[in-house]
Amino acid sequence: CQTLSGEKAMSSKFSAEATLADLESEMKSKLSWLQLEFVCENGTVDKSEPLKAYNTLSAKEVTISGGDNFKIDRTTCRRCGGNDIWRQRFTEWCQMNGDAGGHWKSTCRTCGLHLTESWCDD
């Protein structure tokens, strides 16, 4: 793998059955990218496709928005990019007028990131 300027970024050996998901995992590990996307002449590609199907392929790091630092992850993990997220709302108090509050909790089932977010119905 090399950068657009031609510098070597990393190298790895893969089996003949390797997929783009295998390359993605290796790149995340070696380059410390949290999330990435593969693109080719036809647009984005499916990560389940075999590596041998491509002569040239580009990967770009996908920035994960930092605006949700104090909120739970609802569909995509901010740490690993996984989409196996457990989430649940817990009610911790309730008033006679119907107002209630508590916390949302989420856990990424891929990397274990646990987050909590407060909620209040006023």
Side-chain angles (χ1 to χ4, degrees):
C1 295
Q2 61 186 22
T3 65
L4 290 175
S5 63
E7 298 176 47
K8 181 179 174 180
M10 63 169 262
S11 65
S12 294
K13 294 189 184 282
F14 292 98
S15 70
E17 297 82 30
T19 64
L20 292 173
D22 297 321
L23 177 59
E24 176 188 41
S25 178
E26 188 78 0
M27 290 178 77
K28 284 180 176 181
S29 174
K30 288 190 174 182
L31 301 176
S32 298
W33 287 6
L34 294 178
Q35 194 168 0
L36 62 107
E37 181 177 86
F38 293 107
V39 293
C40 67
E41 304 84 33
N42 301 328
T44 59
V45 297
D46 182 355
K47 293 177 186 170
S48 65
E49 294 184 46
L51 276 175
K52 63 185 176 185
Y54 297 93
N55 290 324
T56 304
L57 188 66
S58 297
K60 64 179 183 176
E61 184 175 15
V62 178
T63 306
I64 298 175
S65 172
D68 291 336
N69 287 338
F70 301 107
K71 296 185 177 185
I72 64 168
D73 291 337
R74 297 183 187 282
T75 56
T76 303
C77 176
R78 68 186 74 191
R79 179 194 287 162
C80 73
N83 59 9
D84 189 5
I85 304 289
W86 168 88
R87 67 177 194 209
Q88 187 167 349
R89 182 173 124 155
F90 294 90
T91 302
E92 296 169 352
W93 59 269
C94 183
Q95 296 180 343
M96 295 297 287
N97 66 358
D99 290 348
H103 286 90
W104 275 97
K105 296 184 184 232
S106 72
T107 302
C108 174
R109 291 183 175 141
T110 304
C111 73
L113 179 64
H114 180 75
L115 300 168
T116 302
E117 170 186 339
S118 296
W119 67 270
C120 180
D121 291 336
D122 291 328

State the [atom1]-[atom2] distance between [X] and [Y], to the nearest 0.5 angstrom.
{"X": "L20", "Y": "S48", "atom1": "CG", "atom2": "OG", "result": "8.0 Å"}
{"X": "K28", "Y": "E26", "atom1": "NZ", "atom2": "CD", "result": "12.5 Å"}
{"X": "E92", "Y": "S118", "atom1": "CD", "atom2": "OG", "result": "7.5 Å"}
{"X": "T107", "Y": "I72", "atom1": "OG1", "atom2": "CD1", "result": "9.5 Å"}

Write down the atom of [X], the atom of [Y], and the distance for their closest heavy-atom approach.
{"X": "F14", "Y": "D22", "answer": "CE2-O, 3.8 Å"}
{"X": "I85", "Y": "D73", "answer": "CG2-O, 3.2 Å"}
{"X": "C77", "Y": "C80", "answer": "SG-N, 3.4 Å"}
{"X": "K30", "Y": "S12", "answer": "NZ-OG, 3.1 Å"}

If you count the non-hydrogen atoms of other residues, nucleotides and ligands that lie under 6.0 Å from CG in N83, is the total more than 12?
no
The single option from R74, R87, H103, R89 that satisfies side chain to side chain donor-acceptor pair (under 3.5 Å) with E117 is R74
Would a single hydrophobic cluster contain both L23 and L31, if residues Ile, Leu, Val, Met, Phe, Trp and Tyr are joined by side-chain heavy-atom contacts under 4.5 Å?
yes
Can you give each donor-acceptor pair under 3.5 Å made by side-chain atoms of residues 51-59, sequence neighbours left out, with the distance rounded to 0.1 Å?
unit_1	atom_1	unit_2	atom_2	d
Y54	OH	E49	OE1	2.6
Y54	OH	E49	OE2	3.4

W119 (side chain) donor-acceptor with T91 (main chain) under 3.5 angstrom:
no
Test item: S106 and L115 side chains (from C-beta on) under 4.5 Å apart, heavy atoms:
yes
Just wondering, do D46 and F38 contact through their side chains at under 4.5 Å, heavy atoms?
no
All N/O donor-acceptor pairs, side-chain side in residues 94-101, below 3.5 Å, sequence neighbours left out:
unit_1	atom_1	unit_2	atom_2	d
N97	OD1	D99	N	2.9
N97	ND2	D99	OD2	3.3

